Number of protein chains: 2
Amino acid sequence: MTTEPPYLAIAAEIRRRILAGRLAPGDRVPSTRAITREWGVAMATATKALAALRQEGLVRVEPGVGTVVVDPKRTRHSTTSTLTRTRIVRTALDLADTEGLNAVTMRRLATLLDTSAMALYRHVPGKGELVRLMTDEACGEVPLGPAPTDWRQGLERAARWLREVYARHRWMAQVMASLSRPVLSVNAMAYTEWVLGVLWETPLSPSQKLHAHLTLFAFVQGLAMADDLEEQARLDTGLSDDEWMEQNEPRFDAMQSGGPYPLLDAIAHDGGFELSLESLFEFGLRRTLDGIAALIDETSG
Amino acid sequence: MTTEPPYLAIAAEIRRRILAGRLAPGDRVPSTRAITREWGVAMATATKALAALRQEGLVRVEPGVGTVVVDPKRTRHSTTSTLTRTRIVRTALDLADTEGLNAVTMRRLATLLDTSAMALYRHVPGKGELVRLMTDEACGEVPLGPAPTDWRQGLERAARWLREVYARHRWMAQVMASLSRPVLSVNAMAYTEWVLGVLWETPLSPSQKLHAHLTLFAFVQGLAMADDLEEQARLDTGLSDDEWMEQNEPRFDAMQSGGPYPLLDAIAHDGGFELSLESLFEFGLRRTLDGIAALIDETSG
DNA sequence: ACCTGAACACCGTTCAAGT
DNA sequence: ACCTGAACACCGTTCAAGT
């Protein structure tokens with residue numbers, strides 16, 4: 001038996017653990033750091049050992065997790081579909097929807113698409129532009145339909161359309177809000193045009209039409225931001241809203257010492273009166289439309 | 001002359017450049033990378049050379065910039081004020097106000113406070129909690145004053161209060177919005193209590209009171225988000241809104257091919273009818289209050 | 001008691017090199 | 001033409017060590 005290089009010996013040992021089932025598919029194999037400790041070798045040796053296993057196809061680097069055991073049953077995308085801008089944008093969209101915008105990193109995206117991070121830059125100039133493409137794609141998913149003749153029905157449909165887009169893609173609340181630098185999105189522009197068209201027959205001045213549109217937009221945007229923050233909190237902490245409230249009860253109690261809040265208390269003890277973002281949307285939508293109706297009455301009267 | 005170690009020779013050369021004025025205070029000295037290229041030495045040598053200069057007090061590491069020449073005139077905080085939670089929070093607040101929330105990193109904060117990043121963790125459990133402390137501090141800056149007896153005046157004052165808080169600290173739009181997991185802030189709770197108090201004498205149900213409050217909150221939040229995104233864009237790109245518009249004109253023109261937008265065009269060519277977030281705030285505030293007034297009339301009538 | 005340095009596991013992006 | 005690897009200059013946080 002010739003003296004085997006240490007890195008091969010280490011790779012062999014980890015291979016044995018995998019084949020014996022002691023390390024199941026998806027499990028993390030020892031990190032380079034762990035290997036240096038366990039075998040008393042240098043980092044370079046540990047890295048080489050893992051690289052050998054990676055080359056064999058036994059393990060794979062999962063960004064954000066570490067090096068994990070590959071599942072041999074999961075038939076790897078043998079039809080290595082070519083990398084295209086659309087494929088990148090769609091994958092990024094899915095990722096943002098399920099794990100939040102923070103999870104969309106070039107490296108993570110690259111492993112999902114089975115390429116290197118740098119290959120993405122051949123199809124997309126950078127992350128900023130990628131996010132812009134994602135918003136445009138998202139705005140194109142839901143059709144607006146023909147504009148109703150009644151301005152109120154039209155504004156209401158526009159608000160519901162926007163709310164649905166945000167509901168499908170909560171992360172969009174973080175990027176859509178800019179008013180003076182509108183998102184360079186064909187589909188977002190079509191939406192604005194649609195709303196202005198709906199208001200065209202009203203006696204409002206062009207400036208008032210734009211203000212009316214953006215008032216409703218800001219309200220829906222504020223709600224979407226709340227939606228997004230809560231979703232993000234759920235993903236980050238793994239806690240539901242109720243669990244979070246329960247866990248933070250002592251802190252809320254401690255804050256009571258800063259002064260009594262009888263009205264807030266009354267509401268909290270009634271369980272927030274079935275307050276949901278859905279009921280808030282319906283309430284606020286009606287109030288805002290009533291307010292705009294008052295202005296239109298005033299102007300035409 | 002004994003053979004000087006290479007790292008000392010390199011340090012001496014850079015020192016000469018500084019003393020000769022070829023490298024002025026604030027200028028970047030060669031990075032470790034640049035040193036390896038210029039002198040053909042290993043990274044370890046380059047690092048040791050810079051460390052020597054740092055120890056002398058001639059240069060200092062400016063996170064996000066590199067190693068820069070120290071200004072000897074700027075009398076360094078000789079009264080090394082002790083590190084306290086308040087001092088950390090105030091410094092973080094200033095930093096977020098001037099450079100955005102993204103600029104608030106533990107390392108950056110530490111150099112501003114003349115300590116190591118890890119020293120901060122002795123006073124603050126982590127970054128999330130730091131941001132929470134910042135919001136509470138910010139909400140405490142502006143006094144709400146006594147509540148008016150008229151609900152409409154009260155709601156209006158609440159909206160203006162919130163808008164002022166956001167105007168002073170644009171980054172807050174990113175963290176305040178959550179409704180089901182309220183920010184654990186004494187001062188934010190006091191604000192909610194104040195608004196509910198203002199609405200107490202109206203004939204609205206408790207649930208409607210809460211909805212009315214949050215409708216206005218969502219609107220102001222949506223506007224604040226726009227403010228923040230625009231500020232952030234200005235900081236990131238260094239472009240004013242007008243410069244940005246000019247630079248992106250070709251892209252907007254290209255989008256026209258996706259369909260004609262006559263109404264948007266008409267507005268764009270009139271310069272947006274003096275649309276500003278300020279005029280939008282005034283417009284939307286009035287509409288929302290009118291809408292709530294309609295509900296109150298209906299309920300009491 | 002308080003602070004530090006090195007390390008871990010990440011980021012986006014540049015650049016030179018490979019097929 | 002397309003993709004890759006190494007590198008740069010960062011992150012937040014843990015841990016063991018220093019004064």
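Quantities reported herein were computed from a predicted structural model and do not represent experimental measurements. In what follows, chains carry the letters A, B, and so on, assigned in the order in which the sequence lines appear, proteins first and then strands, with residues in each chain numbered from 1.
- Going from atom CG of A/D114 over to atom P of D/dC3 covers 12 Å, rounded to whole Å.
- The A/S116 side chain lies nearest to D/dC3 when the options are D/dG12, C/dC3, D/dC3.
- Distance CG (A/L120) to P (D/dC2): 15 Å, rounded to an integer number of Å.
- Between B/N102 atom CG and D/dC10 atom P the separation is 15 Å, expressed in whole Å.
- The separation between A/L113 atom CG and D/dC2 atom P is 17 Å, rounded to whole Å.
- Look at CG on A/L83: it is 17 Å from P on D/dA1, rounded to the nearest Å.
- The partner of D/dG5 is C/dC15, judged by Watson-Crick or G-U wobble contacts that both fall below 3.5 Å.
- Here C/dG5 presents its C1' atom at 17 Å from CE of B/M106, a figure rounded to the nearest Å.
- Salt-bridge check for A/E13 with A/R17: passed, with a basic side-chain N closer than 4.0 Å to an acidic carboxylate O.
- With distances taken from any side-chain atom of B/A119 to the nucleotides C/dC3, D/dT13, C/dC11, the minimum falls on C/dC3.
- Taking all atoms of both residues into account, the shortest heavy-atom contact from A/H123 to A/I88 is CB-CD1, 3.7 Å.
- Across the protein-nucleic acid pair, B/I88 atom CD1 and D/dG12 atom C1' stand 15 Å apart, rounded to whole Å.
- Atom P of D/dA9 sits at a distance of 22 Å from the matching atom of C/dA9, rounded to the whole Å.
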Apply the test side-chain hydrogen bond (donor to acceptor under 3.5 Å, both in side chains) to residues B/W171 and B/D97: give CA-CA distance (whole Å), side-chain angles for both, the deciding distance (0.1 Å), then the verdict. CA-CA 7 Å; B/W171 52 270; B/D97 290 347; 2.8 Å; yes
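- In terms of heavy-atom proximity, A/Q221 sits nearest to A/Y166 at OE1-OH, 2.7 Å.
- Closest to the side chain of A/M118, out of D/dG12, C/dA6, D/dG5, is D/dG5.
- When side chains are defined from C-beta on, A/M134 counts as touching A/L101, because their heavy atoms get closer than 4.5 Å.
- Checked against D/dG12, D/dC3, C/dT13, the side chain of B/K127 finds its nearest nucleotide in D/dG12.
- When each of B/G126 and B/R122 is assigned the nucleotide of DNA chain D bearing its nearest heavy atom, the one mapping closer to the 5' terminus is B/G126.
- In this entry the distance linking OH of A/Y121 with P of C/dT13 reads 4 Å, nearest Å.
- The phosphate of D/dC11 has OP1 or OP2 within less than 4.0 Å of a side-chain N or O from B/T105.
- Proximity note for A/R107 (side chain, C-beta onward) versus C/dT13, D/dT13, C/dC3: the nearest is C/dT13.
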